[in-house]
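Computation of the quantities below employed the complete heavy-atom set of this structure, encompassing side-chain atoms and omitting hydrogens, waters and symmetry-equivalent molecules. This structure is a prediction, so every number in the text was calculated from the model and none was measured.
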Amino acid sequence: MHNINFIRDNPIIFDNFMKQRGELPCSKNIIKIDEDKRNTQTILQNLLAERNKLSKEIGILKSQNKDSEVENILKRVEKIKEETSNLKELEKIKEDELHAILSRLPNIPSSTTPQGKNENDNILYREWGDKSDFQFKPKRHYEIGENLNLMNFDLASKLSGSRFVVLKGMLSKLERAIAQFMLDKHTDENGYTEMYVPFLVKNDSLFGTGQLPKFGEDLFTAGENHWLIPTAEVPLTNLVRDKILQSNNLPMRVTSYTPCFRSEAGAAGQDTRGMLRQHQFSKVELVSIVEPQHSENELERMLESAESILKDLNIHYRVMTLCSGDMGFSANKTYDIEVWLPGENNYREISSCSNCGEFQARRMNAKYKSKDKNIFVHTLNGSGLAVGRTLIAILENYQTEDGNVIIPEVLRKYLNNQSLLI
RNA sequence: GGAGAGAUGGCUGAGCGGUUGAAAGCACCGGUCUUGAAAACCGGCAAGGUGGCAACACCUUCCAGAGUUCGAAUCUCUGUCUCUCCGCCA
């Protein structure tokens, strides 16, 4: 959500920012509605002030038993009531109009976010490790999984339709081991506190993080008033909704392992094979709530926390800085970690770390006490990492010629010290 | 699912038709004292908005939404959530 004062004071700059994000100029319209709203408010408030004053007089007169004087005042008050009820309606209309526009505009890109239209304009930030060297043609993850009889898409589609998977035996265990390794790393070494959170949330929470009102199509609903979370970012970030935090509680770093549900409405026909893009997947999420002056550093710290997982797994990856046109709605800056998949011969997103600045905090009304003022916090979120895609990366990078998979060192303690998948 | 109680500022908690935006305490901030800290004492301290260069004035908000009234934290209705007891249950 944007600060209306900023738009009022910098309409051209604002329109320019929105253009970078693929939006049409709209400041003129916003300012017009805002002016109408304020003009209405000024008139309304003067009338209300008069009414309040007269009501107080009535109180005093009644206590003095001067009923005859009360009569006259009542006439005037009645007239005011008529006028105010219309003005109140108009004010509400203008407020709703303004809110409807502002709540659908994406965040302003940070000054360090490269300008660009789409993923082709993203910029390489850094790389780590090397592409694994195979003496044979590496298979894709679903070939490995299906050949081992541990990954089954037909069964899943019988149960639930397309874009689901059933994992069996060691592959199912491997998924659990990956998640536990990530959680242990983030809680023991990276300073995050583990949380167990609801997987169903209500509208307000999704509005707070920015999925609603614009992107309801990408979500699954559950019953009348609930939605399935598309990411743990939603419950974790909303922990501070409608709060005024004490500054000694910041930074607040939390992590959670949850399933994520996405309708993938805009992805028809994309990545239909394998378990790369599913309606359901699990993810270990990182969320930081920080004071504004620390959010830029916090993004680097969060990125490093996410990277530490792939480093420990010893899998090659690169980090991309997303351009203004490719960033998510709430972000002012985003790094994507793209992991190397030798079977696919391609890099694939395995984590996305974003600084949302005060954008979500404004939507959520999340502040902290600083000296004498209450200031909006900054919120950040990142995957640390997507568990399903990490499983894919391990299968493809650690596969052997005979179709088995070597278990990465750091995961063995979670798997009875086994060194091979089967 | 049945019966009852409740929701007030960062927190605890008074108030139950008019001068209450709200007592008191804690927390926090400023000061006095102290070599420093603590304690003690003094002072400050809800949020959002409108108008104004400003000082400041005004409006709205005591879970949410409707209503009664000249006037609502206080009365009525609806919803949401919390707690207690009973039932059921992983």
Side-chain angles (χ1 to χ4, degrees), chain A residues 1-9 30-99 101-103 196-208 212 222-227 235 238-252 289-291 358 360-377:
Chain A
M1 195 75 128
H2 293 287
N3 183 354
I4 181 74
N5 292 319
F6 178 83
I7 303 176
R8 232 184 260 162
D9 297 341
I30 291 171
I31 288 170
K32 172 79 174 78
I33 297 168
D34 179 52
E35 260 169 21
D36 288 351
K37 189 200 87 176
R38 280 153 59 217
N39 288 339
T40 310
Q41 261 175 343
T42 306
I43 301 168
L44 174 63
Q45 290 183 1
N46 286 338
L47 286 170
L48 289 174
E50 192 182 347
R51 184 206 63 188
N52 290 345
K53 223 164 117 194
L54 293 175
S55 287
K56 255 178 205 166
E57 277 177 39
I58 290 175
I60 293 164
L61 290 172
K62 282 218 168 167
S63 70
Q64 298 170 345
N65 280 321
K66 293 181 178 167
D67 285 10
S68 57
E69 289 179 43
V70 170
E71 288 292 314
N72 284 328
I73 299 177
L74 283 180
K75 271 183 202 159
R76 173 65 189 143
V77 171
E78 209 136 300
K79 224 176 179 181
I80 292 175
K81 278 183 91 173
E82 250 174 68
E83 291 177 61
T84 51
S85 75
N86 290 333
L87 287 168
K88 272 183 191 168
E89 256 172 65
L90 186 61
E91 186 198 23
K92 178 92 171 41
I93 289 168
K94 291 295 165 190
E95 254 169 14
D96 290 350
E97 233 176 295
L98 196 61
H99 186 260
I101 296 177
L102 289 180
S103 62
Y196 175 80
V197 292
F199 306 153
L200 300 182
V201 293
K202 21 184 215 183
N203 289 26
D204 292 351
S205 297
L206 287 159
F207 181 86
L212 290 181
E224 292 280 291
N225 302 310
H226 289 111
W227 305 76
N238 276 280
L239 290 172
V240 299
R241 176 154 54 92
D242 285 320
K243 279 206 167 201
I244 299 176
L245 301 157
Q246 302 293 328
S247 59
N248 57 21
N249 292 329
L250 301 176
M252 174 177 144
I289 312 293
V290 303
E291 298 181 30
E358 63 171 35
Q360 293 180 324
R362 276 186 181 277
R363 296 177 149 250
M364 291 192 297
N365 191 28
K367 301 184 174 181
Y368 79 101
K369 259 199 184 333
S370 129
K371 278 276 187 192
D372 42 17
K373 266 187 156 164
N374 298 333
I375 299 176
F376 287 114
V377 294

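- The side chain of A/K367 approaches B/G48 more closely than any other nucleotide in the set B/G48, B/G51, B/C70.
- Here the separation of B/C41 from B/A24, taken at their P atoms, is 15 Å to the nearest Å.
- If you check every strand for non-hydrogen atoms under 4.0 Å, A/K243 touches nothing.
- Of the candidate nucleotides B/G49, B/C70, B/G10, B/G10 has the atom nearest to the side chain of A/Q246.
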*Evaluate the criterion salt bridge (Lys or Arg N to Asp or Glu O under 4.0 Å) for residue pair A/E91 and A/K94; output intermediate values, then yes/no.*
CA-CA 5 Å; A/E91 186 198 23; A/K94 291 295 165 190; over 6 Å; no

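- Rounded to whole Å, the C1' atom of B/C42 lies 23 Å from the corresponding atom of B/A46.
- Contacts of A/R51 with the nucleic acid, taken as non-hydrogen atoms under 4.0 Å apart, involve only primed sugar atoms and P, OP1 or OP2.
- Rounded to the nearest Å, the gap between the C1' atom of B/G31 and that of B/C70 is 47 Å.
- Comparing the P positions of B/A7 and B/C16 gives a spacing of 13 Å, expressed to the nearest Å.
- For A/E50 and A/R76, the salt-bridge test passes: some basic side-chain N is under 4.0 Å from an acidic carboxylate O.
- Of the candidates B/U50, B/C70, B/G48, the closest approach to any side-chain atom of A/R38 belongs to B/U50.
- When the nucleotides B/C59, B/A46, B/G18 are ranked by their closest atom to the side chain of A/S55, B/G18 comes out on top.
- Checking B/U60, B/G10, B/G18 against the side-chain heavy atoms of A/I58 singles out B/G18 as nearest.
- Atom-to-atom, CG of A/D242 to P of B/A46 comes out at 20 Å; the value is rounded to the nearest Å.
- B/A54 and B/C63 have their P atoms separated by 34 Å, with the value rounded to a whole Å.
- Side-chain proximity of A/L48 to the nucleotides B/C70, B/C59, B/G10 is greatest for B/C59.
- Base pairing annotation: B/A66 forms a Watson-Crick or G-U wobble pair with B/U76, both donor-acceptor distances under 3.5 Å.
- Using N1 to N3 plus N6-O4 or O6-N4 for Watson-Crick, or N1-O2 and O6-N3 for G-U wobble, each under 3.5 Å, B/A46 pairs with B/U61.
- In this structure, B/C11 forms a base pair with B/G25, meeting either the Watson-Crick or the G-U wobble geometry with both donor-acceptor distances under 3.5 Å.
- Comparing the same atom, P, in B/C59 and in B/A40 gives a spacing of 40 Å after rounding to whole Å.
- With a cut-off of 3.5 Å on both Watson-Crick or G-U wobble distances, the partner of B/A39 is given as none.
- The partner of B/C88 cannot be assigned: no Watson-Crick or G-U wobble pair with both contacts below 3.5 Å exists in any strand.
- Among the nucleotides B/U60, B/C58, B/G71, the one closest to any side-chain atom of A/N52 is B/U60.
- In this structure B/G71 sits in no base pair that meets the Watson-Crick or G-U test at under 3.5 Å.
- A/S103 is listed as a side-chain neighbour of A/M1, based on a closest heavy-atom distance under 4.5 Å.
- Pairing of B/A5, defined by two Watson-Crick or G-U wobble distances under 3.5 Å, is identified with B/U82.
- Both distances falling under 3.5 Å, in either a Watson-Crick or a G-U wobble arrangement, occur for no nucleotide opposite B/U19.
- Side-chain N/O atoms of A/Q45 and base N/O atoms of B/G49 include a donor-acceptor pair closer than 3.5 Å.
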